[in-house]
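Here's the structure we're looking at; comments come further down.
What's counted below: heavy atoms across the whole structure, side chains too, no hydrogens, waters or symmetry copies.
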Amino acid sequence: MHVLLLGTAAGGGFPQWNCLCPVCRAARDDPAAAHPRTQSSIALSADGTRWFLCNASPDVREQLARLPLPLPLPLSDPRLPPGPEGTRERSPVRRVPIEGIVLTDAELDHSLGLALLREARDLRLWATEAVIRTLERDSRLLPVTRAFASVRVTELRVDSALELRDASDAPTGLEVEPFLVAGDPPRFATADEPGHSVGLLVRDRATGGRCAYVPACGALDPPLLARLADADLVLFDGTCWTDDELQALGIGTRGATEMGHLPISGPNGSLEPLSRLSAARVVYTHINNTNPILLEHSEARRAVERAGLTVGMDGMRFRL
């Protein structure tokens, strides 16, 4: 299984366009001291040619440029996008570099890219019932996207594995299993329903490789740690370094855990329990622009590295 980190920042990217915090200032003054990052997303493939997005960020156009350029297909291939509306022909000029999109939640930084992919004309989407309902009813992103493209939606059931199929409905050997994580629903959601925020365990049936993708998580209890210990690669929520990070900077009134994000440091942070996952490589992603681990030579970065964990960066690749 190929795993590509397309974006490793939280909502707003890094540096954030309207932020003058010390970390964003450092990134603007010296990009070598704090590398820019786009908003959280990864791409997965079993064969290096058929790719799936996990989350569709507002930076999706820039991120898709990291994927291999698709090869031309014969006109009879069902993976070719439809031609002009009202015709049966398929376009040999247009080619979509992804087979589909899997969502962990309906937050804008993870779903706004759906509307930006409307030119695909035919999209496949996997999400839980709660996420689908939020996209339909609250953010209205599904109806907006459907005004331009066909969107084939498959419901993901919590704790139930399902094999991803490509645009021509052929099996890929990649199996995805969603699991519940602690967190709040999007602030625009009209209901707090189970499954509004999940992590994903992705397995490669051919190699047995396992990747856990958890970009938002408000608590690490023993059952979740046991699940993560079963993975070869863990991509985990690194939003804030401290629980009061935004409050201390005067740019927020709630702590990280109140927003559904477990801080990295502190007695109840994620760093210590994740460092005990000796069988897995652990990489922090979904990193907020205020988090000092983004600074290449900060003490926070050194603490993460001393614990044996990695600070994620756009473009990182793994093979499981």
Using the rule that Ile, Leu, Val, Met, Phe, Trp and Tyr join whenever any side-chain heavy atoms are under 4.5 Å apart, tell me whether Val304 and Val282 fall into a single cluster.
yes
Are Leu235 and Leu6 connected in a single hydrophobic cluster, I mean Ile/Leu/Val/Met/Phe/Trp/Tyr linked by side-chain heavy atoms less than 4.5 Å apart?
no
Nearest heavy-atom neighbours spanning [X] and [Y]:
X: Asp237; Y: Ala216; result: OD2-CA, 3.3 Å
X: Arg165; Y: Arg124; result: O-NH1, 3.6 Å
X: Ala130; Y: Glu193; result: CB-CB, 3.9 Å
X: Asn288; Y: Leu294; result: O-CD1, 3.2 Å
X: Gly312; Y: Leu5; result: CA-CD1, 4.3 Å
X: Val131; Y: His196; result: CG2-O, 3.7 Å

Might you work through the side-chain contact (heavy atoms from CB on, under 4.5 Å) test for Leu274 and Leu309, ending with a clear yes or no?
CA-CA 8 Å; Leu274 290 179; Leu309 280 65; 3.9 Å; yes
Just checking, is any N or O donor in the side chain of [X] or [Y] under 3.5 Å from an acceptor N or O on the other one?
X: Thr8; Y: Asp314; answer: yes
X: Ser57; Y: Asp109; answer: no
X: Asp59; Y: Gln39; answer: yes
X: Asp166; Y: Thr172; answer: no
X: Thr257; Y: Asp243; answer: yes
X: Tyr213; Y: Ser40; answer: yes
X: Thr190; Y: Arg137; answer: yes

Is there side-chain contact between [X] and [Y], with heavy atoms separated by less than 4.5 Å?
X: Leu233; Y: Cys211; value: yes
X: Pro97; Y: Trp51; value: no
X: Asn55; Y: Pro215; value: yes
X: Arg37; Y: Met313; value: yes
X: Met1; Y: Ser45; value: no
X: Thr290; Y: Ile251; value: yes
X: Val202; Y: Arg210; value: no
X: Arg25; Y: Asp30; value: no

Using the side-chain contact (heavy atoms from CB on, under 4.5 Å) rule, take Leu123 and Ser150 through it: C-alpha gap first, then chi angles, then the decisive distance, then the call.
CA-CA 6 Å; Leu123 291 171; Ser150 167; over 6 Å; no
Ile293/Val311 under side-chain contact (heavy atoms from CB on, under 4.5 Å): CA gap, chis, key distance, verdict
CA-CA 7 Å; Ile293 67 171; Val311 175; 4.1 Å; yes
Would you call [X] and [Y] a salt bridge, using N to O less than 4.0 angstrom?
X: Arg61; Y: Glu119; value: no
X: Glu177; Y: Arg227; value: yes
X: Arg302; Y: Glu305; value: no
X: Arg205; Y: Glu163; value: yes
X: Glu136; Y: Arg140; value: no
X: Asp232; Y: Arg281; value: no
X: Arg152; Y: Asp122; value: yes
X: Glu155; Y: Arg157; value: yes
X: Glu175; Y: Arg203; value: yes

Run Thr239 and His261 through side chain to side chain donor-acceptor pair (under 3.5 Å) and show every step you take.
CA-CA 6 Å; Thr239 304; His261 298 287; 3.1 Å; yes
To the nearest 0.5 Å, what is the distance between [atom1] ([X]) and [atom2] ([Y])?
X: Leu116; Y: Glu62; atom1: CG; atom2: CD; value: 12.5 Å
X: Ser265; Y: Glu272; atom1: OG; atom2: CD; value: 12.5 Å
X: Arg146; Y: Leu141; atom1: CZ; atom2: CG; value: 11.5 Å
X: Asp105; Y: Ser197; atom1: CG; atom2: OG; value: 5.0 Å
X: Leu108; Y: His110; atom1: CG; atom2: NE2; value: 10.5 Å
X: Leu224; Y: Phe179; atom1: CG; atom2: CZ; value: 6.0 Å

When you look at Leu246 and Met259, which way does the side-chain contact (heavy atoms from CB on, under 4.5 Å) test go after all the steps?
CA-CA 11 Å; Leu246 300 184; Met259 297 185 293; 3.5 Å; yes
Test side chain to side chain contact (heavy atoms under 4.5 Å, CB included) applied to [X] and [options], the passing residue:
X: Pro292; options: Glu245, Glu299, Arg301; value: Glu245
X: Phe236; options: Val283, Leu277, Thr285, Leu228; value: Leu228
X: Leu117; options: Ile98, Leu125, Val151; value: Ile98
X: Leu200; options: Leu103, Ile42, Val176; value: Val176

Backbone N or O of [Y] within a donor-acceptor pair of the [X] side chain at under 3.5 Å?
X: Asp138; Y: Ala189; answer: no
X: Glu99; Y: Ala167; answer: yes
X: Ser41; Y: Ala56; answer: no

Residues which pass ring-ring contact (aromatic ring centres under 6.0 Å, His included) with Phe318, listed by chain and number, not counting sequence neighbours:
none
Should the pair Phe52 and Trp126 be assigned to parallel (<30°), tilted (30 to 60°) or perpendicular (>60°) ring geometry?
perpendicular
Cut-off 3.5 Å, no hydrogens considered: what does the side-chain donor-acceptor table look like for residues 13-24, sequence neighbours left out?
unit_1 : atom_1 : unit_2 : atom_2 : d
Gln16  : OE1    : Asn289 : ND2    : 2.9
Gln16  : NE2    : Asn18  : OD1    : 2.8

Set of side chain to side chain donor-acceptor pair (under 3.5 Å) partners for Arg187, sequence neighbours left out:
none
